[in-house]
Amino acid sequence: MPDTAPTIMWFRDDLRLGDNPALCDAVSRGRVVCLYVHDPAFPLGGAEKWWLHGALSALDHDLRAQGGRLCIMAGDTHESVLWLAARTGAGAVVWNRRYGPRARQVDTDVKAALKARGVDAHSHPGNMLHEPWQVRTKQGTPFRVFTPWWRAVQAKGPPLPPLPAPDQPAFAVVPPEIGDRLVRPADLALLPVRPDWAQGLRAQWQPGEAAAHARLDAFVAERVHGYATQRELPAQPATSGLSPYLRFGHVSPRQVWHAVETLGPGDQDSACFLSEVGWRDFAHATLFDFPGMGTGNLRPEYDNMPWRHDPVALRAWQKGKTGYPIIDAGMRELWHTGWMHNRVRMVVASFLTKHLLLDWRVGEAWFADTLVDADAASNPFNWQWVAGCGLDAAPYFRVFNPVAQGEKFDPAGDYVRKWVPEIAHLPNKYIHAPWKAGPSAPGGYPAPIVDLAGGRARALAAWKAL
DNA sequence: TGCCTTTTTGC
DNA sequence: CAAAAAGGC
């Protein structure tokens, strides 16, 4: 009976019911089976795993409120999707697109295998403002520079208006013999035990679509005004905090765009914020067009950069014990909350790749393991941007001085005092350069692990020799 | 979405 | 001679 064949809605990085084109397609076809596959071939960082546990629980909760449920499978993606399609007698499988090379390969293979078995398969644009291939130069080539790309995006007019969540969706009953293969979020062992390092994450974040919209609404009401200037100050609660919600698709960039754009297109603050959302799209479009971005320098001359091997320095950077307060505050914020202020991300990344001359991929890996918002596009894109090896990157000679950056963007030292309490007693004069306060290391705070002038000179010499 | 040094300016 | 501008990395 073809009219009773269910449609599988395959959730991936789009864990929401609102503005979900694939879900709307599935509901329009009849009864729906909702699927998520947790595949060890696509490993997540520790913070992402913590987030995913809450995200899957929230999505299952939201589906149950509508009379459905989330079917979670653990194992090989291709095998899992094909297995569920066969066992449920699905007539179609639908999903929203991903843009990384490995994910695209899997999706292409799954689509072909489904169609070979007579199952319809359809992918949708759900996670970007625009699909990468929709924004092209006059020559039809990919943009390599953000500003002209962003101008071309804006010339296209507003992105598609967000779709409402499906009204009264019909869900297929999942038979018990299929239920035996399904798992609960707890079975995926996503949460840390011994040690439980997630207290800070629990205190700061609530995964899920409802929390995403609460955060978006609060940002639009309270923080867009003044964003353009305040966003640079890490001690201020001036940023949106939406990055992990966008990472897991609890909210779509189109929803964000339309919520902010209602404030008026000429507004400086909303324009500044929307361009940050634009950078997210640009990173994904760049990964789509340059699929090696995740692991290889986009500027091949950097293949000859003499990156150092220095596990002691790397460990100090990771632990927030470099002796430079703004660096250590950022790295401790990251470890404690799974997030770091963007200004500080640039400073710590510059310090790692330039003053310490360590490979950007080492920093990217640490961020991927500790950030709740890391994704396959934004994280390597931004590291390549800072390191200088990206297509539209900051030039290598632009070296952030952690003392100068601290004094400029944390002038009262509030950010440093919050995360580096052992030097909180120092006056503002010394808060970003505690070694100047006296010979004794206050409170056990380490001496600087590298000389700023020497590290800078070493990095510039290495770059000149490329 | 620099930093540092040198040169020029303006008093 | 201090501050601003310029220039190179």
Side-chain angles (χ1 to χ4, degrees), chain A residues 143-151 226-236 238-240 242-243 268-283 286 298-299 301-302 304-306 322 324-327 329-330 333-334 339-357 360 363-364 367 371 373 377-411 415 432-433 436 448 450-466:
Chain A
F143 283 95
R144 295 166 164 258
V145 178
F146 175 77
T147 304
W149 175 88
W150 186 231
R151 271 201 288 272
Y227 176 83
T229 52
Q230 298 293 104
R231 74 192 178 104
E232 295 282 26
L233 307 175
Q236 296 298 122
T239 61
S240 75
L242 285 170
S243 54
Q268 279 252 315
D269 291 313
S270 54
C272 178
F273 175 72
L274 289 177
S275 83
E276 298 297 330
V277 181
W279 277 101
R280 175 184 177 277
D281 253 49
F282 188 58
T286 305
L298 291 175
R299 291 174 187 263
E301 64 268 29
Y302 279 74
N304 296 319
M305 181 63 86
T322 67
Y324 290 104
I326 194 79
I327 305 286
E333 178 181 40
L334 171 61
W339 185 88
M340 193 196 305
H341 189 278
N342 187 59
R343 163 60 53 176
V344 188
R345 293 190 197 198
M346 292 190 284
V347 179
V348 302
S350 170
F351 184 78
L352 186 85
T353 55
K354 297 177 183 182
H355 290 103
L356 295 180
L357 204 61
W360 64 267
E364 194 273 341
F367 271 29
L371 279 170
D373 62 27
S378 298
N379 195 36
F381 179 94
N382 287 323
W383 273 95
Q384 295 216 40
W385 185 89
V386 174
C389 50
L391 295 178
D392 180 25
Y396 194 83
F397 54 75
R398 211 173 266 176
V399 181
F400 290 73
N401 181 320
V403 177
Q405 289 282 310
E407 289 171 347
K408 188 170 178 187
F409 295 108
D410 186 33
Y415 181 70
H432 294 294
K436 291 182 182 166
V450 65
D451 172 64
L452 289 183
R456 180 174 194 270
R458 179 175 62 185
L460 292 177
W463 167 71
K464 270 189 82 174
L466 281 185

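All values below were derived from every heavy atom in this structure, side-chain atoms included, with hydrogens, water molecules and symmetry-related copies excluded.
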Q | Contact interval (first through last nucleotide) of DNA chain B with protein chain A, 4.0 Å heavy-atom | A | B:dT1 to B:dC4

Q.
Classify the ring geometry of A:Trp279 against A:Phe282: parallel below 30°, tilted from 30° to 60°, perpendicular beyond 60°.
A. perpendicular

**Q.** Salt bridge A:Arg280-A:Asp373, side-chain N to carboxylate O under 4.0 Å
**A.** no

Q.
For A:Arg231, is there an ion pair with A:Glu276 - N to carboxylate O distance below 4.0 angstrom?
A. yes

Q) Without hydrogens or angle criteria, can the side chains of A:Arg343 and A:Gln405 be said to hold a donor-acceptor pair below 3.5 Å? A) yes

Q: Consider only side-chain N and O atoms of A:Gln384 and A:Tyr302, and report whether a donor and an acceptor are under 3.5 Å apart.
A: no

**Q.** Touch class at under 4.0 angstrom, heavy-atom based, for A:Ala453 against every strand present
**A.** nothing

